[in-house]
Amino acid sequence: MKATGIVRRIDDLGRVVIPKEIRRTMRIREGDPLEIYTDSNGEVIFKKYSLMGELSSFAHQYCDVLFRSTNIPVAICDRDHVIAVSGMPKKDIIDKRVSQELEKIMESRESFTATGTKTLTPVDGISKNAIVACPIIGAGDISGSVVFFQNEDSRSPSQTEIKLAQVAASFLGKQMEE
């Protein structure tokens, strides 16, 4: 755990303000759910809650099926991190932050499809571009995205691959609602 040097008082209703700098750095937005943990040393820890994280084992299986069907590397992300991947070394990409570009795609609620000039680097620290990215929306809320990565042949995605990503995102969105 890293000390920030910031001290805040609890108000009479039990509220504490998380400083803007920390919210910006940790990508905590208004309305984001936070999990609260305590330990035996008296520490209280806030952690961003990810409903997609609850489905990570299911997401891993889904990634494996998509990769075996298409032979295209695929990842499933929550709003902040990669939670499942297939077709790429897991240790290189799991838990990496999504890029601000991918965040904007999710916020726009529209799918991204690569063209000759339009590219998307979906994960910070990973140079591999996406060919398709579809936001996962469940009960009206953005939960994450399904991303198909560029393969060795670096071609544009087919309509089948675009539809597969859209169906995967829709299916995962439905899982969020249940």
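By convention here, the first residue in the shown sequence is residue 1. Since we're looking at a predicted model, the values are computed, not measured.
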Sub-4.5 Å side-chain heavy-atom contact between I93 and F149
yes
Any side-chain heavy-atom pair of S145 and V98 under 4.5 Å:
no
Does D141 have any side chain to side chain donor-acceptor pair (under 3.5 Å) partners at least two apart in sequence or in another chain, and if so, which?
none
Atom NZ of residue position K90 - does it have more than 12 heavy atoms of other residues, nucleotides or ligands inside 6.0 Å?
yes
Out of curiosity, T38 OG1 to E43 CD, how far, rounded to the nearest 0.5 Å?
10.0 Å
I need the T113 OG1 to E161 CD distance, nearest 0.5 Å.
10.5 Å
When hydrophobic residues are tied together by side-chain contacts of less than 4.5 Å, even through go-betweens, does I142 share a cluster with L172?
no
same_hphob_cluster(V82, M106) at 4.5 Å side-chain heavy-atom cutoff
yes
Among the clusters formed by ILVMFWY side chains lying less than 4.5 Å apart, do I18 and I6 turn up in the same one?
yes
Do other residues, nucleotides or ligands put more than 12 heavy atoms under 6.0 Å from K118 NZ?
yes
What distance do L34 atom CG and I45 atom CD1 have between them, rounded to the nearest 0.5 Å?
13.0 Å
Under 3.5 Å donor-acceptor, D11 side chain and L13 backbone:
yes
Any non-hydrogen side-chain atom of I105 less than 4.5 Å from a side-chain atom of E101?
no
Given side chains that start at C-beta, do those of E107 and R79 come closer than 4.5 Å, heavy atoms only?
yes
Indicate yes or no: at least one non-hydrogen side-chain atom of F148 is less than 4.5 angstrom from one of L66.
yes
Closest contact, heavy atoms only, I136 versus A169
CG2-O, 3.7 Å
CE/M88 to SG/C63 distance, rounded to the nearest 0.5 angstrom?
11.0 Å
Using the rule that Ile, Leu, Val, Met, Phe, Trp and Tyr join whenever any side-chain heavy atoms are under 4.5 Å apart, tell me whether I22 and F46 fall into a single cluster.
yes
Minimum heavy-atom distance between P73 and K128, given as atom pair plus value
CG-NZ, 4.2 Å
Co-membership, hydrophobic cluster, residues V17 and V44, 4.5 Å side-chain
no
How about H81 and D78: do any of their side-chain heavy atoms sit closer than 4.5 Å?
yes
Testing the basics here: between K96 and I126, what is the closest heavy-atom pair and its distance to 0.1 Å?
CE-CD1, 4.4 Å
Please report the closest heavy-atom contact between C77 and L102, naming both atoms and the distance.
SG-CD2, 4.2 Å
Counting only N and O atoms by type, is there a donor-acceptor contact under 3.5 Å from the side chain of R109 to the main-chain atoms of G140?
yes
Could you verify whether a donor N or O on one side chain and an acceptor N or O on the other, from T121 and N129, lie under 3.5 Å apart?
yes
CG-CD1 distance between D95 and I83, expressed to the nearest 0.5 angstrom:
9.5 Å
Taking atom NZ of K163 and atom OG of S158, what is their separation to the nearest 0.5 Å?
12.0 Å
Show the nearest heavy-atom pair for residues S86 and F67, with the distance to one decimal.
OG-CB, 3.5 Å
Just to verify, which of V147, V146, L164 counts as forming a side chain to side chain contact (heavy atoms under 4.5 Å, CB included) with V74?
V146
